[in-house]
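Working notes for the structure below.
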Amino acid sequence: NVVISELHYNPSSDQGNDGDFEFIELYNAGDTINLEGYQFTSGITHTFGSQVFESNTYLVVAINAASYSDLSVPVVEWDSGGINNSGESVTLEDAAGNVVDTVTYDDGGDWPTEADGTGSSLELIDLSSDNSLAASWKASEEVGGSPGAAN
């Protein structure tokens, strides 16, 4: 029930560079869980330590956690890598190696192009929709996206 709900893969130069402002937002639509041992296996590299993820809340995984220190939700800095500006798969697995969620986005085609360096992030329109489909995503209305808040 953990969903990748927002991707900020190519921040605008007005916001700053990718090395400071890229993030992945997760939403927990299920019961409270501990993310210990969960890991991103594509897109970025990160393995969670003990991290309680409350039901019906958001968590932000960022390239630079200090850039999002003013958020009211937990912010975790990922271990290494960055989100590709031209598209790729981002995959989260649980501690047993089962795929929890994966999104394969692109900076063109049916994907919202406004999220490619103009300031918007990719936001999942409806948390219960199929996030593998480009039609399930929109460009954020806010510059920098809406990390930690409803889209």
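This chain uses plain numbering: 1 for the first residue, then up along the sequence.
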N/O donor-acceptor pair under 3.5 Å between [X] side chain and [Y] backbone:
X      : Y      : result
Ser132 : Val103 : no
Gln15  : Pro11  : no
Ser67  : Phe21  : no
Asp18  : Glu22  : no
Glu6   : Glu123 : no

How far apart are the closest heavy atoms of [X] and [Y], and which atoms are they?
X      : Y     : value
Thr102 : Ser89 : OG1-CB, 4.4 Å
Val60  : Leu71 : CG2-CD1, 3.9 Å
Trp78  : Ile44 : CE3-CD1, 3.3 Å

Rounded at 0.5 Å granularity, tell me how far [atom1] in [X] sits from [atom2] in [Y].
X      : Y      : atom1 : atom2 : result
Asn1   : Ile33  : CG    : CD1   : 8.5 Å
Ser5   : Ile24  : OG    : CD1   : 10.5 Å
Ser42  : Glu93  : OG    : CD    : 8.0 Å
Asn131 : Asp126 : CG    : CG    : 11.0 Å
Glu25  : Ile4   : CD    : CD1   : 11.0 Å
Asp110 : Trp137 : CG    : CH2   : 15.0 Å

- Task: Describe, in one word, how the ring planes of His46 and Phe40 are oriented to each other, choosing from parallel (under 30°), tilted (30 to 60°) and perpendicular (over 60°).
- Result: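 Ring orientation of His46 relative to Phe40: tilted.
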
- Message: Assess, by modelled atom type and distance only, whether the side chains of Asn28 and Tyr58 contain a donor and an acceptor separated by less than 3.5 Å.
- Response: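 Per modelled atom types, Asn28 and Tyr58 side chains form no pair under 3.5 Å.
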
- Just checking, any donor-acceptor pair under 3.5 angstrom between side chains of Thr45 and Asp79?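 Judged by distance alone, the side chains do not pair up.
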
- Message: With side chain to side chain donor-acceptor pair (under 3.5 Å) as the criterion, how do Ser146 and Asn151 come out once you've worked through the C-alpha distance, each side chain's angles and the decisive distance to 0.1 Å?
- Response: CA-CA 6 Å; Ser146 60; Asn151 298 338; 3.2 Å; yes

Is there side-chain contact between [X] and [Y], with heavy atoms separated by less than 4.5 Å?
X      : Y      : result
Ser86  : Asp107 : yes
Tyr27  : Thr57  : no
Asp14  : Val143 : no
Thr104 : Trp111 : no

- Item | All ring pair (Phe, Tyr, Trp, His ring centres under 6.0 Å) counterparts of Phe23, not counting sequence neighbours | His8, Tyr68

- Message: A quick test of your reading: do over 12 heavy atoms of other residues, nucleotides or ligands sit less than 6.0 Å from CG of Asp31?
- Response: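 No, the 6.0 Å shell around CG holds no more than 12 heavy atoms from other groups.
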
- Message: Is it the case that over 12 heavy atoms from other parts of the model lie below 6.0 angstrom from the CD atom of Glu142?
- Response: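 Yes, because the 6.0 Å sphere around CD of Glu142 holds more than 12 heavy atoms from other groups.
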
Would you list the atom pairs, donor with acceptor, under 3.5 Å between side chains in residues 112-119 and any protein atom, with sequence neighbours excluded?
residue: Asp116; atom: OD1; partner: Asn10; partner atom: ND2; Å: 2.7
residue: Thr118; atom: OG1; partner: Glu114; partner atom: O; Å: 2.2

Show me the donor-acceptor pairs, under 3.5 Å and distance only, between side chains in residues 47-54 and residues at least two apart or in other chains.
residue: Thr47; atom: OG1; partner: Gln39; partner atom: OE1; Å: 3.4
residue: Ser50; atom: OG; partner: Asn34; partner atom: ND2; Å: 3.2
residue: Glu54; atom: OE1; partner: Thr32; partner atom: OG1; Å: 3.3

